[in-house]
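Chain naming here is simple, since letters A, B, ... match the order of the sequence lines and numbering starts at 1 in each. Bear in mind the structure is a predicted one, so any value in this text is a computation, not a measurement.
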2 protein chains.
Amino acid sequence: MNYQAPYKDMQLLVAQAYQQQGLAGVESLDGFDPELANAVMEEAAKFAAGVIAPLNQVGDVQGCRFQDGNVITPDGWRDAYKQFAESGWIGLALPEEFGGQGLPKYIAQPVNEMWLSANLAFVMFQALAQGGSEILLNFAKESIQSRYLPKIVSGEWTVAMALTEPNAGSDLGALNTKAIPQADGTYKIKGQKIYITYGDHDLTDNIAHLVLARTPDAPAGSRGISLFIVPKHRVADDGVLGEFNDIRCTGIEHKMGLHGSPTCSISYGDQDGCIGELVGELNQGLMAMFVLMNEARLSCGLQGVALGELGYQCALEYAQERIQGTNSQGEKVAIVEHADVKRMLLEMRSETFALRALGYQIAAQIDATEAADNQEETNQSKKDRVALLTPIFKAFSTERANVMAGQVIQVFGGMGFVEETGVAQIMRDARVTTIYEGTTGIQARDLMFRKVRGDQGKALTELLAEITQLVQPFESDDVFASMVKETHQVLTKVASLLDSHLLNPDADHDGLLAVSVPFLDAMGILSCTWQIFNVLAYQQAQETVDESYMQNINALAAIYGAYRLPSAMAALKVVENAGLGLGKYKF
Amino acid sequence: MNYQAPYKDMQLLVAQAYQQQGLAGVESLDGFDPELANAVMEEAAKFAAGVIAPLNQVGDVQGCRFQDGNVITPDGWRDAYKQFAESGWIGLALPEEFGGQGLPKYIAQPVNEMWLSANLAFVMFQALAQGGSEILLNFAKESIQSRYLPKIVSGEWTVAMALTEPNAGSDLGALNTKAIPQADGTYKIKGQKIYITYGDHDLTDNIAHLVLARTPDAPAGSRGISLFIVPKHRVADDGVLGEFNDIRCTGIEHKMGLHGSPTCSISYGDQDGCIGELVGELNQGLMAMFVLMNEARLSCGLQGVALGELGYQCALEYAQERIQGTNSQGEKVAIVEHADVKRMLLEMRSETFALRALGYQIAAQIDATEAADNQEETNQSKKDRVALLTPIFKAFSTERANVMAGQVIQVFGGMGFVEETGVAQIMRDARVTTIYEGTTGIQARDLMFRKVRGDQGKALTELLAEITQLVQPFESDDVFASMVKETHQVLTKVASLLDSHLLNPDADHDGLLAVSVPFLDAMGILSCTWQIFNVLAYQQAQETVDESYMQNINALAAIYGAYRLPSAMAALKVVENAGLGLGKYKF
């Protein structure tokens with residue numbers, strides 16, 4: 001599929017996030033300004049369109065193969081990986097100390113979006129390298145860091161995350177893989193894991209597995225889980241590759257989508273020869289994994305943006321070419337002229353734009369908190385904001401990407417159902433994004449119980465106040481007055497539900513849980529609306545603007561308000577009905 | 001996949017439709033009562049579960065193959081077809097005169113639902129036989145009827161509908177296939193058609209193609225299209241099979257779903273030897289096709305119900321077996337115990353139930369109009385009701401089936417994304433149901449412009465009045481009072497939009513068209529709500545009820561009101577914003 005980075009939107013939103021999160025004043029980001037961001041984006045856009053997008057459909061059609069215990073990636077994968085690593089893209093946002101380029105997240109975000117649009121299945125190793133490195137940076141002892149990080153950052157080795165077991169999915173506390181302490185301080189690892197992305201492949205000589213396991217005397221449940229680094233081939237003290245570490249791929253999944261990304265079942269220590277090293281403290285494995293999970297959830301949210309963008313581009317191109325039906329003057333027209341098709345396209349366009357804005361703001365906010373650890377109070381509030389937005393961005397963005405992928409097929413009509421067109425792949429690929437890294441239900445529970453109830457609604461209330469203030473100047477705007485009015489209704493309703501339901505100590509737990517997804521849905525729409533007003537406000541404050549582009553952004557804002565915002569009140573009405581009827585049904 | 005007909009719901013809704021549409025008093029339906037319906041359903045349920053459901057996944061995995069110009073169906077298909085035909089299921093609702101069983105539609109409806117749940121890809125020949133026969137009964141001359149109908153009704157031959165061409169999809173007026181009149185009154189057919197379901201296969205000796213084509217001097221556009229019956233092998237006057245009629249399958253589509261149903265490209269008269277006979281009047285082909293299309297749209301709506309049911313059954317079974325996470329007492333539980341999962345399951349259950357009720361009422365209403373052609377006025381009003389509900393049922397039911405199929409995968413989590421589980425197939429199969437037989441956009445346009453504006457809102461206003469009256473007794477009900485209140489809001493809003501937008505002669509055409517799908521969406525939810533109150537009212541009027549079953553139905557009604565009804569007002573709010581912003585965006 002053709003993909004061209006939406007460069008103009010990206011530039012605008014990167015510059016805006018940089019300014020609004022106050023990154024200009026941050027000393028450690030000196031030089032990492034939007035000008036650099038633009039240069040990096042330009043290079044990445046070429047690489048995305050030229051090297052990895054052309055392999056997207058190849059990967060879907062061929063898929064990975066499992067032969068004689070080895071995983072073979074699709075044609076072209078190995079060469080593209082080599083180019084990707086050698087161009088330094090893996091270490092883009094990793095420390096210079098280990099060979100990375102040390103770019104802030106706000107610059108890495110649009111670049112990552114490009115990879116994810118161009119070829120989601122291919123590029124999954126990238127988020128694994130990023131997240132795995134952050135775990136090692138935060139938790140591993142220096143001897144592990146020095147042996148592993150340079151190899152991971154350069155792309156010589158990849159990272160795999162081994163969490164899930166057949167009976168431990170959303171509930172990791174149930175996992176059974178064993179780690180037996182050895183006299184030399186290492187551990188013998190023994191167990192079966194499933195759903196390991198790039199758990200085995202033919203791209204590199206070695207793979208660093210981060211494995212969750214239990215030591216023999218560990219407490220039951222999630223408090224007895226430790227994290228280990230377990231290489232496919234052992235790594236000597238001097239970093240030289242040693243013998244095979246008894247890690248065997250036993251099969252790959254035959255999935256609905258993401259055919260090019262191997263999803264492996266792995267057996268650790270089948271011959272009793274699998275050695276790992278502890279990362280972080282004993283029994284604190286889940287804490288380390290949470291670092292990764294937050295990272296992965298934000299990356300997953302960005303996948304929603306990326307797939308929405310890819311789908312929109314495909315649908316627009318087709319709608320502009322496909323002649324069918326007539327306009328009101330009886331002339332044959334391309335289907336983009338039909339109002340219903342136009343609405344579908346522009347709903348996608350505006351929603352993707354708003355979600356992208358949200359994702360870029362979150363990235364810049366993380367940069368801001370990481371740079372500003374001396375201002376503790378402001379920082380905590382910013383961290384809480386990121387924590388509040390993470391489940392919303394992850395789940396809402398991916399849920400909407402699924403809806404959009406369906407709309408893309410709808411624009412294509414019968415051609416969309418035929419695999420050769422390529423858009424069916426977008427829908428099949430998108431389908432897992434609401435599942436992995438925590439299902440939508442898990443995100444919604446995190447949002448409602450941990451991020452709202454657990455915080456006594458502080459972060460949410462601050463957000464509501466900020467949005468209220470933001471939309472105020474648009475109250476008397478010709479175009480946006482009614483959108484502001486509706487936004488106020490939503491803000492008021494959320495605030496009143498905080499009292500009556502969300503923070504109510506007497507509220508029924510299961511009743512709330514039942515409507516946690518609708519609540520997240522409402523918060524997603526509100527967040528998009530917030531971002532849209534945010535862009536409008538930012539643009540109005542600029543001295544020079546591109547008039548025709550600005551007119552389009554204004555139109556997209558109005559479109560979001562007209563066609564998507566009304567669903568927020570419906571979702572909140574559902575929240576109000578928390579639990580109704582569910583207890584009375586007997587299966 | 002396992003499938004068991006939801007017998008209890010079917011019995012209830014069949015009996016209810018029979019009573020409410022006054023079929024008990026119809027002389028021509030004497031003997032065709034719910035007791036007979038139950039006996040037929042019982043047999044069909046066995047056949048569905050025992051013979052065709054087991055082939056559903058086989059068909060998906062193997063798909064049809066195209067070899068040496070022939071289409072080969074999956075293993076087991078031929079034998080199952082033979083059993084299906086020999087058991088008389090094809091002629092179930094076709095006239096006894098031609099070998100059918102002459103059952104009314106209200107009885108055929110649950111039976112068809114079972115086939116569609118059990119194996120949608122397999123059973124597509126059934127709707128083609130039904131629709132094709134109705135065309136021949138209504139439009140073909142006797143000599144065609146006598147040669148073709150007995151063969152079609154018995155299943156000896158199948159029917160294929162050849163409408164679409166590469167440049168004529170939603171806009172059939174653009175089609176180019178030629179029909180050249182011959183001296184003997186027949187026509188030489190020449191052209192290429194695509195997307196022909198069961199256009200070729202290995203199940204029967206002959207296939208009767210109904211082909212839309214143009215005679216040389218036909219007017220341009222949709223007024224110059226005629227319908228022809230064109231057999232794969234010619235049929236002599238005595239019905240004996242003659243020579244090959246120059247109909248060649250040139251390929252089958254590689255589709256996202258429905259792998260077991262061959263979607264053929266067909267070349268007619270490549271060697272100039274394809275002979276057809278005119279069906280109906282010259283240039284009136286689309287009129288005949290509309291008979292079929294209405295039939296096909298109702299069948300397609302039923303596919304939505306059927307896939308919703310199948311998905312629900314799979315999801316429930318998995319949710320009851322899969323142990324993951326703990327309840328509030330800290331005990332490990334099956335995921336059906338988690339409130340969020342329970343809500344998803346019961347939303348599916350209640351929505352499928354309401355959509356089924358709608359589909360059964362429409363079928364019974366058609367029986368009523370067909371039987372009562374002497375009472376012209378009432379009859380017209382009933383026909384208009386069916387015409388109003390047809391696009392709603394077709395589009396809304398299939399759109400919701402797609403949403404539900406996504407939810408089914410969500411309940412399965414990672415297992416849902418893995419093909420072996422089987423539920424990915426439901427989603428892939430469902431994807432085309434919002435496209436074929438007229439996309440959701442086409443249905444929405446039909447609803448808004450033909451069925452509402454074209455009728456000056458008469459049929460819709462009658463429906464609103466009926467619902468208003470129906471819900472009135474529940475106004476002070478403990479459980480349903482707030483649902484009634486919300487239903488009233490929806491009714492009032494629709495009525496006010498009729499004045500301000502839908503019937504407003506000054507309303508902007510494109511603005512309305514842009515929100516036609518949201519309008520259809522709102523009408524779909526309102527129709528489901530109507531059906532739910534309808535069932536409640538019917539049940540309350542019964543002398544004996546199954547208390548525990550009735551309690552579940554009550555719970556489902558409340559669940560629909562709590563979690564789905566709120567979306568209606570949001571969709572109507574979008575309708576109110578008709579066209580906003582769309583004209584201001586420049587692609």
Would you mind telling me which of Leu316(B), Thr326(B), Ile323(B), Ile553(B) has the largest number of heavy-atom pairs within less than 4.5 Å of chain A? Leu316(B)
Which residue out of Ser482(A), Ser567(A), Ala514(A) racks up the most heavy-atom pairs below 4.5 Å with chain B? Ala514(A)
Counting heavy-atom pairs closer than 4.5 Å to chain B, which one of Gln320(A), His338(A), Arg322(A) comes out on top? Arg322(A)
Using a heavy-atom cutoff of under 4.5 Å, enumerate the residues of residues 402-409 of chain A that contact chain B, numbered in order, or state 'none'. Gly406(A), Gln407(A), Ile409(A)
So what's closer than 4.5 Å to chain A heavy atoms on Met344(B): side chain, backbone, both or neither? neither
Within the structure provided, determine whether Met427(A) and Arg428(B) are in side-chain contact (heavy-atom separation under 4.5 Å). no
Evaluate the side-chain proximity of Arg431(A) to Gln410(B): yes if any heavy-atom separation is below 4.5 Å, no if none is. yes
Results of ring pair (Phe, Tyr, Trp, His ring centres under 6.0 Å) for His254(B) - residues two or more places apart only: none
Engaged part of Glu399(B) at the chain A interface, taking heavy atoms whose separation is under 4.5 Å: side chain
Would you find more than 12 non-hydrogen atoms of other residues, nucleotides or ligands less than 6.0 Å from Glu331(B) atom CD? yes
I need the residue from Ser516(A), Ser328(A), Ala578(A), Gly257(A) with the largest number of non-hydrogen atom pairs under 4.5 Å to chain B. Gly257(A)
By side-chain hydrogen bond (donor to acceptor under 3.5 Å, both in side chains), which residues pair with Ser350(A), not counting sequence neighbours? none
Taking salt bridge (charged side-chain N to carboxylate O under 4.0 Å, His left out) as the definition, give me every residue that meets it alongside Arg400(B), ordered by chain and number, with sequence neighbours left out. Glu351(B)
I need the residue from Gln324(B), Lys573(B), Arg564(B) with the largest number of non-hydrogen atom pairs under 4.5 Å to chain A. Gln324(B)
Find out whether Phe587(B) and Leu346(A) are in side-chain contact, i.e. whether some heavy atom of one side chain is under 4.5 Å from a heavy atom of the other. yes
Heavy-atom closest contact (Leu580(A) atom, Ala558(B) atom, distance): CD2-CB, 4.0 Å
Where on Tyr195(B) is there a heavy atom nearer than 4.5 Å to chain A: the side chain, the backbone, both, or neither? side chain
Region of Glu419(B) that comes under 4.5 Å of a non-hydrogen atom in chain A: both
Let's test your reading of the structure: which of Arg349(A), His509(A), Gln551(A) forms the most heavy-atom pairs below 4.5 Å with chain B? Arg349(A)
Are side-chain heavy atoms of Leu582(B) and Arg343(A) found at a separation under 4.5 Å? yes
Applying a strict 4.5 Å limit to non-hydrogen atoms, the region of Thr440(B) in contact with chain A is both
Max heavy-atom pairs within cutoff under 4.5 Å with chain A, candidates Glu420(B), Lys332(B), Glu576(B), Gln425(B), goes to Glu420(B)
